[in-house]
Structures are given as C-alpha cells and as structure tokens.
Amino acid sequence: MRRVVITGVGMITALGTGVEKSWAKIKAGECGIKRIESFDTENTSVKIAGEVTDFDPTDFGIEKKEVKKLARNTQFAIAAAKMALEDAKFEITEENATSVGTIVSSGIGGMEIFETQHKTLLDKGARRVSPFTIPAMIANMASGNVGIYTGAKGPNKTIVTACAAGTHSIGDAFEMIKYGKTDTMIAGGTEACITEFAITGFANMKALSTRNDEPTKASRPFNVDRDGFVMGEGSGIVILEELEQAKARGAKIYAEIVGYGETCDAHHITSPGPGGEGAARAMEMAIKQGNIDKTTVDYINAHGTSTPANDRLETAAIKTVFGDHAKDLAVSSTKGATGHALGAAGGIEGVILALGISEGIMPPTINYENPDEECDLDYVPNEARKKEIRVGMSTSLGFGGHNAVIAMKKYEN
C-alpha cells in the first residue's frame, strides 16, 4: 500500500499570516484574540474574535481588481496553498498538473459576500447586486480558485462538514493518494465568518464566550469556568505526497499520515453524542487503519472548543479509547490561541500537529487555570513542552454530529 507524507505547510491565523509567525506565537503561549475591528459591535453581545489583521491578498499574487470577486475565505485559501507549495518546493507543471488534486473545505463559505450583497439588494435594489455574488460566495470556490491560481488539474472538491471540514479534507486527500487515485494533494480548510450576522447567529445559540472584557482569556479549553468558543478565521493547508515521489524529489518530510477515521453521532444538531461515543469510534477507526499501538500515541491536538459539552465529552472519548494510557499521553487545544476557525480549524490544527511531530514540540493549552474534575487529562497547561511525538492525532467534531480524526507519525524510512 502506498505511504503518504506531508512535505509542505501553509497557515494563516489570528496570530499572523504565515507559518513562522503563527507557529512561533503558538509555541510561546501567545493569544491572537482581540476586540473585533471589522464591524461595529454595538448591537452584538459578543465583541471579541480571532481576526486576521495582517493579511494582504496582493502579497500572494491576487490582483487588486480580482480581490473584490473573491470571498475572504477564498483569498486565505489561495495564499495558504501558495505558501504550502513554496514550502514543499513543489512546482506544478504541464507534465504533473493532472496528478495534483485539491480538497480545500469550508464550514460556511463566503459569508461576508452573502451579507453585503443581501444588504445591497434591500437598500439599492436588484440591479445593484454584483454578478459575481454567487461564484464568490459558494463554499466550493475556495478549492476551485486554488486550482485556478496554482494550476492543479487533478481531483478538486470541497467537503462541507462544519467544524470537521478541514480534517475531512486532509483525511480524504490521504486516502486518494494511498489508494492510487492521484500522487499529490493540496488539502486543508479555510474560513472567514467574523461578520455581524454570523457572530449574532452563533451568539444567540449561546455557543460563544461573552468574556468581552478579557479577550485573551476568553477561550479556556478544559477549564471549569469555560463559557463557549471564540470565533476565529484563517486557513491551514498541507501538501500531501506519495512517499517515493517525495523521496525522489529530496523533499523535506514533516510527518507521515497513517490513519483516518470518520463517523456520525446521529444524535443532535449541535451537541456531541453521549459519552463522546462518535468521536471515540472515529479515533478507533484511525488507529485501526494506521495499525497503531495505542501506547505509542504521545499527543492529541484536541478539538477542544472551550464549550462545556465538547471538552467534557471529548475527554470522555479519549479515556474510552485509550484506557489507562489516557493518563500518559498529552492533550492540548490550540484554540485558546487562535480561536475556533470552524471549517478551517482542522486544516490549521493539521499543520500544527505536523510541525509538532517534526520539531518534537507539544503546543500548550493556554488559559488553563481552573481544572474541571470531569476534564482530568494532561492538557499541556500554558507552556509548550519539548518532547518527541511518535504518533499524534488531530480531532475535529462538527455540528451535525460529524467526527473526523487523522493520525500522523514521525517519519521513518
């Protein structure tokens, strides 16, 4: 069976545009969550988010006249994909273009396009609605435009599974290479939903933290006083290659992907299943596919949203799967630093896991101050830990009961 490795990474988060900026701040325990600047929050109960404030799409080859035709999440995806390809030193040519596929997913898509154009319709009439509205806002356009801007002509699709979308993308891309459908994949997630409409919708369902006076303390995964997630935005993209191709190129290998699990809770539109049963089955599936000895799993980058239900039930799922070993492995949520970027989260956290395995770094759960007795694992509190990660996992659990897990290990020839 073909082996699949990660040879390039690209990342945009509230901590900065570019892998070096974001990763350095994640390791240092910094937080990118601030008061919202992109719209007036006078009428919203939630006034904080993890906004990307240093991003200029023209820095990534998007011409000024094209910027307004592309939703912000699509701009993020193009930029992160270009970063990842450059990092991998992978050139797409006429000869290899058809063997390079793309799966870049979003939970929602071009939310700001929908909002602004609907307002134009109401305020100025139908004739003023942009003809680019639909191709800008539909969720698959991030992946489609990555193909256009990079020249990748292989399989191209988008998976819309809420907050599990980015992990589903990497998992599906892994299997497409593993089973010989293609040789190289650009995969991950992208999202940009920090808008008045989206913030209000999530706030009214009581999903968001209202700790407005302490933005950097608001996302508190696994703390007893956690009160919801903080919206983030950004993109995380990885380049996946068939191992022998990567070796022949002399490519740097961050990690090897070995397992992928995907399940459904079939329980509730927003709440995880009882006991984290669906998440546990997804972990078991990834472990079985990767033929992994559970005692070699050293680290899990958890979904860890900082909502009361998610953190408790995800902890329960880990304990169900790993038994006594659950106390020996490390678990952290990097959403305390980045916020929760919905469909981009799995892509961003896939990049973080690959970097952690490559460098032997377990990133911290920041703001870990008041333990919850029902969340009683080793959450790498507040400071990064230098330690080898033989096998690591990344979990994503989405509204609708979607569960996705990928397993990576340190590359050995």
Side-chain angles (χ1 to χ4, degrees), residues 6 8-38 48-57 59-60 71-84 87 104-108 111 142 163 165-167 169-170 187-195 198 209 215-216 218-219 221 229-238 254 301-306 332-356 359 361 363-367 384 394 396:
I6 295 175
V9 292
M11 180 160 60
I12 300 168
T13 75
L15 292 162
T17 294
V19 172
E20 290 185 8
K21 281 186 184 178
S22 287
W23 181 230
K25 292 179 180 177
I26 288 168
K27 288 188 291 186
E30 295 183 28
C31 179
I33 295 167
K34 302 181 289 292
R35 300 278 289 191
I36 292 172
E37 299 176 3
S38 59
I48 55 175
E51 290 180 303
V52 177
T53 56
D54 65 345
F55 178 70
D56 182 348
D59 290 342
F60 299 93
R72 182 170 167 87
N73 74 317
T74 294
Q75 297 171 23
F76 285 158
I78 293 168
K82 286 191 169 186
M83 285 180 210
D87 182 50
V104 178
S105 297
S106 290
I108 297 178
M111 177 62 84
C163 307
T167 299
S169 300
I170 296 173
T190 188
E191 202 80 85
C193 287
I194 302 174
T195 68
S209 171
T216 61
S219 181
F229 73 82
V230 177
M231 184 89 79
E233 63 177 357
S235 181
I237 301 288
V238 294
Y254 287 94
N301 188 297
H303 192 53
T305 57
S306 184
S332 70
S333 169
T334 42
K335 289 183 174 70
T338 64
H340 183 6
L342 309 182
I348 291 168
E349 289 155 20
V351 170
I352 291 170
L353 177 57
L355 291 167
E359 296 183 15
I361 296 286
T365 302
I366 66 168
N367 297 324
S394 179
S396 294

message: For S22, give me all partners under side-chain contact (heavy atoms from CB on, under 4.5 Å), at least two apart in sequence or on another chain.
response: M11, T13, L15
message: Holding to side-chain contact (heavy atoms from CB on, under 4.5 Å), I want the full list of residues that pass it with I48, two or more places apart in sequence or in another chain.
response: I33, R35, V46, N212, P215, A218, V230
Okay, side chain of [X], backbone of [Y]: is any donor-acceptor separation there less than 3.5 Å?
X	Y	answer
N367	T216	yes
E51	I194	no
S209	F229	no
D54	T17	yes

Please give me the minimum heavy-atom distance between [X] and [Y], naming the atom from each residue.
X	Y	value
L353	S394	CD2-N, 3.8 Å
A192	M111	O-CB, 4.3 Å
I6	A354	CD1-CB, 3.9 Å
P364	S332	C-CB, 4.1 Å
E191	L342	OE1-CB, 3.5 Å
G32	A14	O-CB, 3.5 Å

task: For side chain to side chain contact (heavy atoms under 4.5 Å, CB included), just list the numbers for D87 and V19, CA-CA rounded to whole Å, side-chain angles, deciding distance to a tenth of an Å, and then say yes or no.
output: CA-CA 10 Å; D87 182 50; V19 172; over 6 Å; no
query: Just checking, any donor-acceptor pair under 3.5 angstrom between side chains of N73 and T190?
result: no
message: Pairing donors with acceptors under 3.5 angstrom, does anything connect the side chains of E349 and S396?
response: no
Quick one, [X] and [Y] - any side-chain contact, counting heavy atoms below 4.5 Å?
X	Y	answer
W23	V9	no
I352	I26	yes
I237	V351	no
L355	K27	no

Acceptor/donor pairs from residues 76-84 side chains to any protein atom, 3.5 angstrom cut, sequence neighbours excluded:
unit_1 : atom_1 : unit_2 : atom_2 : d
K82    : NZ     : F60    : O      : 2.9

Once rounded to the nearest 0.5 Å, what's the spacing between atom [atom1] of [X] and atom [atom2] of [Y]?
X	Y	atom1	atom2	answer
T167	I348	OG1	CD1	10.5 Å
S306	K335	OG	NZ	10.5 Å
T338	I12	OG1	CD1	13.5 Å

